[in-house]
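Structure, as structure tokens:
Atoms considered below: every heavy atom in the structure, side chains included; atoms not considered: hydrogens, waters and symmetry mates.
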Amino acid sequence: MQTTTHVACSSRALPGALRVGYCIDSFDIGGTELNAVRTVEALDRRRFQVTVFHLHETGPLRARYEALGLQLLHLPIGRLYSPRTAGQGVRFLRLLRREGIEVVHTHDLYTNIFAAPWGRLAGCRVVASRRWLDASPRPGLLPLNRCSYRFAHRVVVNSSVVARLMIDRERVPAARVVELPNFLEERAFHHVAAEVRRARRNSWGIPQGAFVMGTVARLAPEKNHAMVLRALQRLDEDVHLVLIGAGPSRRELEELARELHVERRLHFAGQLVESENLHQFFDASVLCSRSEGFPNAIIEALAAACPVIATPVGGIPEIIVDRQTGLLVPVDQPGALAASVQELRRDAALRKLLSEAGPERARGKYHQTLVIARLEALYQDLVREAGKRSAVLT
């Protein structure tokens, strides 16, 4: 079944606009999914006409795509080896040709595997993505994902460490690997009034005058929230922890909080989709992951002028320079995390240094105007490259 959505849009594509087939797995909330919707929101829709192909039909981010007035086409695939999936692949190829798609951009494991080969067969320029380092939703699919890179003219990665992995381990030629970090909209740098900040903290059940640690991440094992809870146990009673996000680890974390006797100081805020930068409601933003590619949460915290404490995994050391733009602590060492929180609390000069350095670094390296300009240039270069090759062949 084909689902198409058209909504009135103020920015109409100009004649000759480059046509992009934007391929996503779902409209759910996650780092990859949020980056994808923010990217399409930031593209110049006068110069780029985007059609969104999606494998799942519903989710909280769908409304943001609809608000852009984009055409949304559902590709309800089954198992990757099933006749249904093959049939949807043929349909996808026909839709690419019908819509005159010039560039196919896949954003995740599933669309890399499904869409990259069909996009290449349709004669499109193909951009695949690698946004994770070690953790994968389906490790058994990694060999297929590796094969999908062979169909891509470029593979976009979000950090230098992932770029190195692509070149060294996945054997993708360096010339085909393009590093484009996650980015921030201008509103990420905006701050709410003090009374709004107090009201939000109060709504989470935090007493006035408390020191608030916060984590914005999916509640999943690789995010290692348990380390933060164990650090909380070592800290004074006026330190509270807010966890923003949802996921399979919630019940386990609730049980651990009771075991550690910190449940009164732990606040589950749930999954929040808001325009405000949530890190501004914390006194310290904490991310203790065991594996990361390039976490949005870190650069959002920098933009919010919220001191960051994080583990030095994946692309995090590319963002956080220890004691210059944040504090780095070893994985699975809650004592070190607790000591860093205590240091932040008592050292006003350190808090000031990190609060001032954060927005400066975020704006200078990760503002959307910088990153989106590079992505738009990539699309245009690929189409020009295809045109030159066509001219040589004729």
Side-chain angles (χ1 to χ4, degrees), residues 7 24 26-43 52 58-70 107 131 181-206 208 210-220 223 225 228 240-247 249-250 253 266-287 289 292 294-308 310 319 355 358-359 362-363 366-369 371-372:
V7 181
I24 60 172
S26 77
F27 296 108
D28 290 334
I29 293 176
T32 293
E33 292 79 6
L34 284 167
N35 187 77
V37 72
R38 289 168 179 165
T39 298
V40 79
E41 286 171 339
L43 284 172
V52 178
T58 61
L61 295 179
R62 183 183 178 104
R64 287 176 63 171
Y65 286 95
E66 291 177 338
L68 297 173
L70 304 177
H107 284 79
R131 308 191 61 79
N182 296 359
F183 62 88
L184 298 158
E185 303 160 286
E186 179 59 33
R187 64 185 177 184
F189 297 86
H190 298 168
H191 293 268
V192 299
E195 59 269 22
V196 176
R197 186 174 188 267
R198 284 194 296 269
R200 173 59 67 94
R201 288 161 64 115
N202 182 64
S203 74
W204 288 334
I206 297 168
Q208 189 172 353
F211 184 91
V212 179
M213 295 192 296
T215 295
V216 181
R218 185 168 183 264
L219 304 183
K223 299 299 183 180
H225 293 82
V228 193
H240 286 242
L241 172 63
V242 175
L243 301 183
I244 296 177
S249 294
R250 172 150 183 174
L253 292 171
L266 173 62
H267 311 270
F268 289 94
Q271 185 171 273
L272 302 178
V273 184
E274 301 185 13
S275 59
E276 291 140 350
N277 188 331
L278 294 166
H279 297 265
Q280 66 186 298
F281 302 112
F282 309 148
D283 297 302
S285 182
V286 180
L287 189 67
S289 301
E292 286 286 354
F294 186 105
N296 285 319
I298 297 292
I299 58 174
E300 288 168 357
L302 293 181
C306 180
V308 174
I319 313 167
S355 296
R363 189 178 291 280
Y366 307 116
H367 196 281
Q368 76 171 31
T369 53
V371 179
I372 293 301

task = Please name the pair of heavy atoms, one in Asp28 and one in Gly59, separated by the smallest distance, quoted to 0.1 Å.
result = OD1-CA, 3.9 Å

key: Shortest non-hydrogen contact from Ser26 toward Glu33   = O-CG, 4.0 Å

request  = State, yes or no, whether a side-chain contact exists between Phe183 and Thr39 at a heavy-atom distance under 4.5 Å.
outcome  = yes

remark   = Here the gap from His267 atom NE2 to Ile244 atom CD1, rounded to the nearest 0.5 Å, amounts to 12.0 Å

query = Where do Ala362 and Leu184 come nearest, in terms of heavy atoms and distance?
reply = CB-CD1, 3.6 Å

inquiry  = Nearest 0.5 Å, please: how far is OG in Ser203 from CZ in Arg198?
reply    = 13.5 Å

request  = Would you check if Leu253 and Phe268 make a side-chain contact, meaning some heavy-atom pair closer than 4.5 Å?
outcome  = yes

key: From Glu185 atom CD to Glu41 atom CD, the distance as rounded to the nearest 0.5 Å   = 6.0 Å

ask   = With distance as the sole test, does Arg201 use its side chain to make a donor-acceptor pair with the main-chain N or O of Gln208 at under 3.5 Å?
value = no

request  = With sequence neighbours excluded, tell me which residues meet side-chain hydrogen bond (donor to acceptor under 3.5 Å, both in side chains) with Asn296.
outcome  = Asn182

task = Search all heavy atoms of Ser355 against all heavy atoms of Pro359 and return the closest pair with its distance.
result = O-CD, 3.0 Å

ask   = Just how far is it from atom CZ of Phe211 to atom CG of Asp283, taken to the nearest 0.5 Å?
value = 5.0 Å

task = Under the side chain to side chain contact (heavy atoms under 4.5 Å, CB included) rule, collect the residues that match up with Asn277, sequence neighbours excluded.
result = Ala188, His279, Gln280, Glu300, Ala303, Ala304

ask   = With side chains defined as the heavy atoms from C-beta onward, is the minimum distance between His225 and Arg218 less than 4.5 Å?
value = no

request  = Report yes if the side chains of Val216 and Phe282 come closer than 4.5 Å at any heavy-atom pair, otherwise no.
outcome  = yes

key: Beyond-backbone contact of Glu292 with Ile298, side-chain heavy atoms, under 4.5 angstrom   = no

task = Classify the ring geometry between His367 and Phe189 as parallel (under 30°), tilted (30 to 60°) or perpendicular (over 60°).
result = parallel

key: CZ on Arg131 to NE2 on His107, rounded to 0.5 Å   = 7.5 Å

query = What's the spacing between Arg38 CZ and Leu61 CG if we round to 0.5 Å?
reply = 9.0 Å

message = So does Gly358 get a backbone contact from the side chain of Arg363, meaning a donor-acceptor N/O pair under 3.5 Å?
response = no

task = State, yes or no, whether a side-chain contact exists between Val228 and Lys223 at a heavy-atom distance under 4.5 Å.
result = no

ask   = Can you pull the salt bridge (charged side-chain N to carboxylate O under 4.0 Å, His left out) pairs that have at least one residue in residues 268-278, sequence neighbours excluded?
value = Arg200-Glu274, Arg200-Glu276

ask   = Any idea which heavy atoms bring Leu272 and Ala269 closest together, and the distance?
value = CD2-O, 3.7 Å

key: Non-hydrogen side-chain atoms of Val40 and Tyr65 separated by less than 4.5 Å   = yes

request  = Check for a donor-acceptor pair, side chain of Thr215 on one end and backbone N or O of Leu243 on the other, with a separation under 3.5 Å.
outcome  = no

